[in-house]
Structure formats: C-alpha cells, structure tokens
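Here is the structure we will look at.
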Amino acid sequence: MATLATALTLVTGVSVALAAGATGGAQASIVSATSATKVAATTSATSSGIAPAMPCAGLTSLDLAAVVPGVPFEITSATELAAGGNTLGNWAACDVKGVIAPQIHFEMKLPQTGWQADYLQVGCGGLCGNVNVSSAPASAGCVPLTSGAFAVASSGEGHYQGGGLFSADPTLRADFGYKSDHQLAQAAKAVIERYYGQAADHAYFDGCSQGGHQALTEAQRYPTDFDGIIAGAPANNFTALNTFSHAWTAQSVYLGGGPATITNADLADLHAAVLKGCGAPADGIIADPLSCTWDPATIRCAAGQTSTSEDYCLTADQVTTLRRIYAGPTNENGKLLYPGYQLRGSELNWAGIITPATATGASGDISFVRETLRYQIFDSPQPTLTYKDVKFTAAYYKKVMEPNEGMYDATDPDLKAFKAAGGKLILWHGLGDQHIPAVGTMAYYKAVEKVMGGSAATEGFARLFLPPGVAHCGGGNTTAGRPVHPFPYVAKNTTGGPADDAGSYTPVRSTAEANLTLNRLGSFRSGYETVGNWVHGEWVVSKGKA
C-alpha cells in the first residue's frame with residue numbers, strides 16, 4: 001500500500017484499488033504506479049527518524065496559553081504509551097491530551113522513534129463530541145502510520161458526548177461548525193515544534209463522513225493548514241443532508257406516518273431485483289449505478305399476487321417508497337432540496353439506516369433528523385419536532401438553510417487558494433453509501449471543476465474516486481478486487497477475465513457521471529462562507545455574492 005504522503009502529493013498517475021477486508025467489506029486505498037521509488041524510500045526511512053527534543057512528561061509544564069495568538073490551549077496530560085498499546089501501529093508514543101478554550105478537547109500521539117516530520121490530523125464522525133485519535137479512515141494500515149512516521153491528532157470538535165444541545169451555545173456552535181479543526185491544527189503544530197525542537201515539514205488531513213466535512217472545511221476556509229487532504233463520503237452539505245435528505249427517506253419509508261413499507265427483510269430480494277434490472281455482472285457490482293434508471297414498478301405485484309423470495313414483487317406503497325428514495329427530496333416544483341439521492345444497487349446497505357428491522361421499528365434516519373431539528377438548526381431548542389415536521393417546500397428550505405449554511409456547511413467550490421498554496425485533495429465516496437448519497441459529492445466536484453476552469457485544471461490538484469458497492473466510509477457488498485478510476489471514469493471488464501483480477505478491466509468514461517445535472521433549489525456558490533468573526537459576542541459568517 002502506498003503512503004498517505006505519496007497519495008496526497010500526486011498530480012498524475014493516481015488510481016484507487018479496492019482491498020477486501022477480513023469481513024468481506026472494502027475500503028478505498030490510494031495507490032500510485034508512478035511513485036514506487038518514493039514509496040520505497042519513505043518506507044525504509046521510518047526506522048530512523050527524528051527523536052524528541054524533550055521528555056514526554058515535560059510537555060505538561062509548558063506555558064502554551066499564548067503560543068498561538070487567538071488559540072488559548074493547555075496540555076492536561078502527557079504520558080508514555082508503549083508500542084503494544086498503540087492502536088495506530090507498533091510504535092511507542094507520547095500520548096498528549098489537552099483542551100483549546102473553551103472546550104475543544106484533543107489528543108495527540110507523538111512518535112518517540114521514527115518520526116519523519118509529518119503531521120496527520122484525523123476527523124471524527126456523526127456529531128462528534130468525543131476524541132478518537134485512532135480513526136484514520138483512508139490511511140489506516142499504511143506503513144508510515146503503522147511505523148510512526150506521523151504525529152497524529154484529533155479533537156471532538158468542541159463539545160461533549162451526547163446530541164446537538166451544544167448548538168444552543170454560539171461559541172460551541174462556531175467551534176463545531178467552523179473553526180475547531182483550524183485551531184487544532186495550529187495548536188498541534190505548536191506542540192510538535194516544542195516536542196521535537198523543529199516544526200513539521202508537511203501536514204495532512206484524513207477524515208470520512210463528518211470527518212470528510214471537516215476536511216473540506218479546511219480546504220475551503222483555511223487553505224494553508226494542510227498540504228494534502230483526503231475527504232471521504234463528506235457530509236459537507238450538512239444542513240440539507242440532516243434535514244431534507246434524511247427526512248425524505250424517513251417519510252418515504254413511513255408513508256403517511258404509518259408502519260414502514262420496506263423493512264430489512266425486503267433488502268436481499270429487492271437488491272437481487274435491482275441487479276437484474278440494472279444488468280449487473282455476475283459479481284453483483286454495478287460499476288456505474290448513476291446510469292441505471294430501473295423502475296420499481298416493473299416488479300409491482302399483480303392483482304392477488306403475494307410476494308415471495310422466489311417471485312418477489314412490490315405493493316403499490318412499496319413502489320411509491322422506492323421511487324421517492326431513488327429520486328431524492330423535491331419541493332412543490334420538483335426541485336431537489338438536497339443535491340443527491342440513493343443510487344440503485346445500495347439496497348443491502350440500507351438496513352438500520354433507511355429501513356428498520358420491523359414495520360413498527362424506527363430507522364436510523366429518524367434519529368438523525370430528530371437531533372438536527374430539535375437542537376441544531378433553530379435559535380432555540382425545539383424538543384418536540386420529528387421527521388414528520390419537515391416540509392418539502394421552497395419556503396421551508398429557506399427557513400432552514402439561510403441561518404445555517406454559512407456555519408454548518410462546507411460547499412464552496414472555489415478552491416483557488418488551496419490550489420495556490422500547493423494543496424492536493426482526494427475525494428472518495430462509496431457508490432453504495434446508505435448515509436450520504438454519493439451523487440452529492442459528484443455534484444460538488446463538478447461545481448469545483450466549473451469554478452477552477454475545467455476538468456484538466458482541477459485534476460492537477462484534486463481527484464474524486466467512487467468505489468462501487470462500498471457503503472458509508474467502507475464495508476458494503478464489495479468482495480472483488482477491481483481498479484477504481486478518477487471521476488468520471490468507471491472500470492469495465494473488457495476482457496472477460498476474472499472479476500477479481502484488476503487486469504480484466506479498463507477505464508471507460510461514464511456518460512451519466514460526466515453529464516450529471518441536478519434540478520435543485522440552491523447551488524454550490526463561491527465566497528458565501530469564507531469570512532467568520534466574533535461580533536458582539538456571536539460568531540458571524542459574512543456572506544458573499546450568491
């Protein structure tokens with residue numbers, strides 16, 4: 001596997017391979033055919049590295065409150081961690097914990113041997129609220145991480161465990177939605193410089209889901225913080241995702257507020273019907289699901305017919321449910337309220353998120369929407385709201401989006417400052433994602449291409465990869481190894497060779513991906529969320545031109 005540093009500094013010759021894990025799932029691993037020399041050099045160098053310039057325990061006695069202007073922080077503990085107790089890899093570390101005022105709790109693992117002057121910051125998931133420095137989605141298992149080449153840090157984004165109650169506090173709201181990652185980067189780099197007696201040469205960010213959102217927040221708002229960024233399945237259209245997208249699937253499954261029309265028990269048979277309808281190959285992986293327009297009505301039950309596994313069919317309500325899920329949330333004029341929808345072929349990943357275990361059970365989407373509606377998007381808590389209260393109208397969209405998108409969203413496609421700073425960005429999103437539809441990331445990338453001057457100008461510093469069959473941040477129903485090419489290319493078996501042999505495939509341009517257009521309310525617009533400051537005790541984001 002190539003190094004994270006190599007992956008993030010590539011300009012040409014990038015591909016992505018699917019590596020099947022022990023559980024049968026798949027993760028995206030970035031590999032480069034053109035950088036073998038650098039990979040080998042980096043791998044062999046990790047046994048030496050830069051030694052600490054001070055004892056680990058000595059970090060707690062440093063006065064760091066004024067080291068970084070505007071980022072008051074302190075180290076609360078610094079203890080030696082044996083290599084055997086390090087979940088990131090087999091390397092001893094100085095395990096540092098601290099807090100950036102008022103309550104951005106963070107943790108760092110600083111290698112005691114093998115450090116290569118690189119810094120890796122990793123994101124969190126969901127609404128965060130806890131610190132998990134061991135979650136490095138794309139770089140997990142890569143040699144520099146497992147051997148101690150990176151100093152690693154992460155935070156809880158400025159609030160404690162438990163729901164979105166933090167949103168009632170404007171300070172914590174700003175920390176979560178806007179600046180906690182930037183402040184951690186500043187604080188962590190300062191600690192690294194004190195501990196090793198020299199600054200890190202390069203800095204990287206790796207995150208998925210909310211971590212992918214954090215990654216794009218950094219690229220858009222603080223373009224000089226990181227040299228390279230990996231953003232997986234980004235929840236960057238945070239406000240619309242957690243209201244309109246999740247509420248739409250919930251209202252679609254629970255039509256009219258009644259029992260679920262589709263449950264987990266339907267998914268295997270439904271998925272089989274979709275694979276047949278989409279003309280999937282024998283390995284059951286739809287490489288280009290955006291091109292499939294299979295209509296659930298083609299397997300509507302005939303009058304008096306009972307659905308069975310041998311002859312699976314759908315009721316009228318089930319057809320309605322599925323058509324809505326595959327179409328995405330639309331308003332009274334047919335405009336999408338979120339730039340995406342579930343792709344055909346993702347059905348096996350819906351269990352527990354889109355669909356419940358039983359008709360009277362609750363889906364994960366219900367709880368996602370509840371938390372957002374009650375504690376995040378309005379100025380004061382609304383503890384009685386549920387997914388049923390979301391209205392799919394232009395007026396409700398304006399009510400929800402205008403006060404929040406500049407704070408919670410990271411959808412600005414203008415990455416000129418990041419590119420000018422020498423930054424490299426890798427976006428990746430599983431096409432079987434059940435939480436965050438991959439179409440939204442495709443749409444964002446196309447917006448980036450438009451602002452940056454076209455695909456050629458964009459791919460010099462940013463690429464998007466879409467591993468088929470992969471669920472949210474990994475896993476899913478992919479077991480075959482096959483190459484994954486940069487958007488808008490897909491891997492097609494042109495030789496008739498084995499499905500799990502990468503040599504069987506060639507890149508083919510996806511017309512559906514290349515020509516993707518969405519009839520949506522709202523847009524990816526530039527400059528609307530780049531300036532944030534405290535004004536009379538509140539964090540105010542100045543908006544640019546729409």
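Side-chain atoms are counted along with the backbone in the values below, which use heavy atoms only and exclude waters and symmetry mates.
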Query raised in the report: Does Arg323 come within less than 4.0 Å of Asp295, counting only side-chain N to carboxylate O?
Result: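 Salt bridge: yes.
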Note, [X] side chain near [Y] side chain (heavy atom, < 4.5 Å):
| X | Y | answer |
| --- | --- | --- |
| Leu427 | Phe487 | no |
| Ser135 | Ser154 | no |
| Tyr396 | Leu337 | no |
| Ser139 | Leu120 | yes |
| Thr372 | His246 | no |
| Arg482 | Pro468 | yes |
| Ser363 | Val253 | no |
| Thr261 | Thr315 | no |

Can you tell me how far [atom2] of [Y] sits from [atom1] of [X], rounded to the nearest 0.5 angstrom?
| X | Y | atom1 | atom2 | result |
| --- | --- | --- | --- | --- |
| Arg300 | Leu314 | CZ | CG | 8.5 Å |
| Asp269 | His271 | CG | NE2 | 11.5 Å |
| Trp428 | Leu464 | CH2 | CG | 11.5 Å |
| Ser346 | Tyr326 | OG | OH | 6.5 Å |
| Phe244 | Thr393 | CZ | OG1 | 7.0 Å |
| Thr249 | Phe368 | OG1 | CZ | 9.5 Å |

Please report the shortest heavy-atom distance between [X] and [Y], naming the atom on each side.
| X | Y | result |
| --- | --- | --- |
| Pro437 | Gln342 | CG-NE2, 4.1 Å |
| Pro223 | Ala421 | O-CB, 3.9 Å |
| Trp294 | Gly277 | CD1-CA, 3.5 Å |
| Gln214 | Cys128 | OE1-SG, 4.4 Å |
| Phe465 | Val484 | CD2-O, 3.8 Å |
| Ala499 | Asp283 | CB-OD2, 3.6 Å |

Without swapping roles, check the side chain of [X] against the backbone of [Y] for a donor-acceptor pair under 3.5 Å.
| X | Y | answer |
| --- | --- | --- |
| Asn493 | Gly497 | yes |
| Glu332 | Ala394 | yes |
| Ser504 | Pro498 | yes |
| Lys446 | Ala514 | yes |
| Asp288 | Ser510 | no |
| Gln434 | His472 | yes |
| Asp365 | Ala250 | no |
| Gln220 | Ala410 | yes |
| Ser134 | Leu88 | no |
| Asp409 | Phe238 | yes |

Once the angle between the rings of [X] and [Y] is folded into 0 to 90°, is it parallel (under 30°), tilted (30 to 60°) or perpendicular (over 60°)?
| X | Y | value |
| --- | --- | --- |
| Phe392 | Trp248 | perpendicular |
| Phe176 | Tyr408 | perpendicular |
| Phe226 | Tyr119 | parallel |

Report task. Take Gln376 and Leu127, measure what side chain to side chain contact (heavy atoms under 4.5 Å, CB included) needs, and give me the verdict at the end. Result -> CA-CA 10 Å; Gln376 287 184 277; Leu127 294 178; 3.5 Å; yes
Query raised in the report: Can you check side chain to side chain contact (heavy atoms under 4.5 Å, CB included) on Ile436 and His429, steps first, answer last?
Result: CA-CA 9 Å; Ile436 304 173; His429 205 138; 3.7 Å; yes
Query raised in the report: ring pair (Phe, Tyr, Trp, His ring centres under 6.0 Å) between Phe524 and Tyr444: does it pass, once the steps are laid out?
Result: CA-CA 7 Å; Phe524 297 110; Tyr444 173 71; 5.6 Å; yes
Distance only, no hydrogens: is a donor on one side chain within 3.5 Å (strictly under) of an acceptor on the other, for [X] and [Y]?
| X | Y | result |
| --- | --- | --- |
| Thr506 | Thr494 | yes |
| Gln210 | Glu157 | yes |
| Asn237 | Thr411 | no |
| Asn264 | Thr355 | yes |

Report task. Give the C-alpha distance, both sets of side-chain angles, the deciding distance and a yes or no for side chain to side chain contact (heavy atoms under 4.5 Å, CB included) between Thr263 and Thr358. Result -> CA-CA 6 Å; Thr263 68; Thr358 65; 5.7 Å; no
Query raised in the report: Got more than 12 heavy atoms from elsewhere within 6.0 Å of NZ, Lys416?
Result: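 Correct, the count exceeds 12.
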Requested in this report: Assess whether side chain to side chain contact (heavy atoms under 4.5 Å, CB included) is satisfied between Asp311 and Gln305, documenting all intermediate values.
Outcome: CA-CA 9 Å; Asp311 189 14; Gln305 180 183 2; 3.0 Å; yes
